[in-house]
2 protein chains.
Amino acid sequence: MSPIIPYFQSIYPLSAASQEALAGICREIRIAKNQDLQSIGQTCKTLYFLKKGMARIYYIKDGTDVTEGFYGEFNLIARAESLFAGKPSQKGIQVLEDSELWSIDTSALTSLYEEHRDIERLFSKLFEKAYVETIQRIENLQFHAAEERYHLLEKEQPEVLKRAPLKFIASYLGITQVSLSRIRAKKS
Amino acid sequence: MSPIIPYFQSIYPLSAASQEALAGICREIRIAKNQDLQSIGQTCKTLYFLKKGMARIYYIKDGTDVTEGFYGEFNLIARAESLFAGKPSQKGIQVLEDSELWSIDTSALTSLYEEHRDIERLFSKLFEKAYVETIQRIENLQFHAAEERYHLLEKEQPEVLKRAPLKFIASYLGITQVSLSRIRAKKS
DNA sequence: ATCCTAATTTAACATTTGTTAAGTGCTTTT
DNA sequence: AAAAGCACTTAACAAATGTTAAATTAGGAT
């Protein structure tokens, strides 16, 4: 069985029947570096979990590409604001390297909810987790200066610094590339 | 019946039995200006909805009081990061004026979930809403400069500017009081 | 290997925000 | 009414970040 199921089990226990039902709607997909998994303007109807690789969610604001977040292995990747509202998302999902993912169609997922309450609760928990991470990110953006935010990213997602180009990291931190370059230079 | 139930109905429809069960665990409380509804260090075990008044969630960082958010009428007020993890919260909830609220004990609430699936879904939806607002706040903090953030607050929560003291607004925007005062002065 | 392009760094200067401190006005206490 | 405390503003200067542009480096393509 796909290793995504043990991961799900670690979040919320599932009955054997639910495991099977859920495995039945998980599709494994591959996508090449720099490709969009989901484009801006599409309504979010698919959830993704990275098996291998790295992804980002981004949007265009006043003509500038802004990275909202980076996602590594086993992370839930979804544009929640679109999913919950059923509206087109202003955000896209792009992979930063050749990646393998599991994709789950949300309508197939929700149709399992009626019969499999544990699956519904599992996904509630997954979104709770994402919510809590979002709250912590606010604290980070609200309270810390740019340089501290950089060091926090270095500490919490060190792989991002190695795998993502500078421009993505800069907009993620809410600063310019030049400013980020300066901060990096200070380290030596 | 308490006007909180129609509000709940507008979020997710509830059966008559569920309405009654839920109303049965809603308590109306009053609290005086500047009092803490929940103190820092307590684990979040109660959800609140404001009937009248205004509240803020805050935390202390390096000795400084930081306002994480302002909440007005009918807003769900909860320290989600504590509730979902079952751990003590680093955050407190304070009311800015004499307020009336509904409080819901979370263990009473979750014990209704088994029998009343619509109640469980209602609260999933309420947390989804809060999650989406949090996502939007990140976009705000990440992309906009201080002055723009001020004008966004002015647009989206104008009552906050009238009802909250400057120091709370400043830390909410992630700037100093002095800087906020300067931004205000520009307006004229 | 060489060329071409994109990514990153550096520099110089402008703007924004932070820091400290003083000043003004308002409210509360006595 | 006077005094004290608090909230907010203003000023002067320091530090951080943005902007523009040039220089350097790294990677890909041929």
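The model shown is predicted, which means the values in this text are computed figures rather than measured ones. So that the names make sense, note that chain A is the first sequence line, chain B the second, and so on, each numbered from 1. For the numbers below, each heavy atom of this structure counts, side chains included, while hydrogens, waters and symmetry mates do not.
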Worksheet item: Do the side-chain N and O atoms of B:E154 and B:H151 include a donor-acceptor pair separated by under 3.5 angstrom?
Response: yes
Worksheet entry | Atom-pair distance (CZ on B:F143; C1' on D:dG18), nearest Å | 13 Å
Worksheet item: Got a sec? Which of residues 61-69 of chain B come in under 4.0 Å of DNA chain D, heavy atoms?
Response: none
Discussion item. If I take atom CG in residue B:L173 and atom P in nucleotide C:dG18, what distance separates them, rounded to the nearest angstrom?
Written reply: 10 Å
Discussion item. Using a 3.5 Å distance criterion without hydrogens, assess whether the side chain of A:D105 forms a donor-acceptor pair with backbone atoms of A:A108.
Written reply: yes
Discussion item. Categorize B:S179 for me: base, sugar-phosphate, or nothing, with a 4.0 angstrom heavy-atom threshold over every strand shown.
Written reply: sugar-phosphate
Practice prompt. Take atom CZ of A:R149 and atom P of C:dT17, then tell me their distance rounded to the nearest Å.
Written response: 13 Å
Response to the item:
In whole angstroms, the gap separating C1' of C:dG18 from NE2 of A:H144 amounts to 17 Å
Worksheet item: Any side-chain heavy atom of B:R137 within less than 4.5 Å of one from A:Q142?
Response: yes
Practice prompt. Step by step, work out the salt bridge (Lys or Arg N to Asp or Glu O under 4.0 Å) result for B:E114 and A:R121.
Written response: CA-CA 12 Å; B:E114 283 307 322; A:R121 289 198 172 145; 3.1 Å; yes
Worksheet item: A:E147 or B:Q177: which one's nearest nucleotide on DNA chain D is closer to the 5' end?
Response: B:Q177
Worksheet item: Would one find a side-chain N or O of A:K167 under 4.0 angstrom from OP1 or OP2 of C:dA7?
Response: yes
Discussion item. Expressed as a whole number of angstroms, how long is the span from A:I183:CD1 to D:dA15:C1'?
Written reply: 13 Å
Worksheet item: So does A:R182 get a side-chain nitrogen or oxygen closer than 4.0 Å to the phosphate oxygens (OP1/OP2) of D:dA16?
Response: no
Item to complete: Could you tell me whether the side chains of B:Y48 and B:Q38 share a donor-acceptor contact shorter than 3.5 Å?
Response: yes
Worksheet item: With nearest nucleotides of DNA chain D determined for B:L166 and A:K33 from heavy-atom distances, which residue corresponds to the more 5′ nucleotide?
Response: B:L166
Response to the item:
Quick note, A:R184 side chain, CB onward, closest among C:dT17, D:dT19, C:dT9 is C:dT9
Discussion item. Cation-pi check for A:Y172 against A:R56: NZ or CZ below 6.0 Å from the six-membered ring centre and within 45 degrees of the axis, yes or no?
Written reply: no
Worksheet item: Could you give the CD-to-C1' distance, from B:E148 to C:dT15, as a whole number of Å?
Response: 14 Å
Worksheet item: Can we call the ring centroids of A:F74 and A:F8 under 6.0 Å apart?
Response: no
Worksheet item: In whole Å, what is the span from the NZ atom of A:K186 to the C1' atom of D:dA16?
Response: 8 Å
Practice prompt. Can you tell me the distance, in whole Å, between the NZ atom of B:K162 and the P atom of D:dA7?
Written response: 21 Å
Discussion item. Is there a side-chain contact between B:S181 and the phosphate of D:dC8, meaning an N or O under 4.0 Å from OP1 or OP2?
Written reply: no
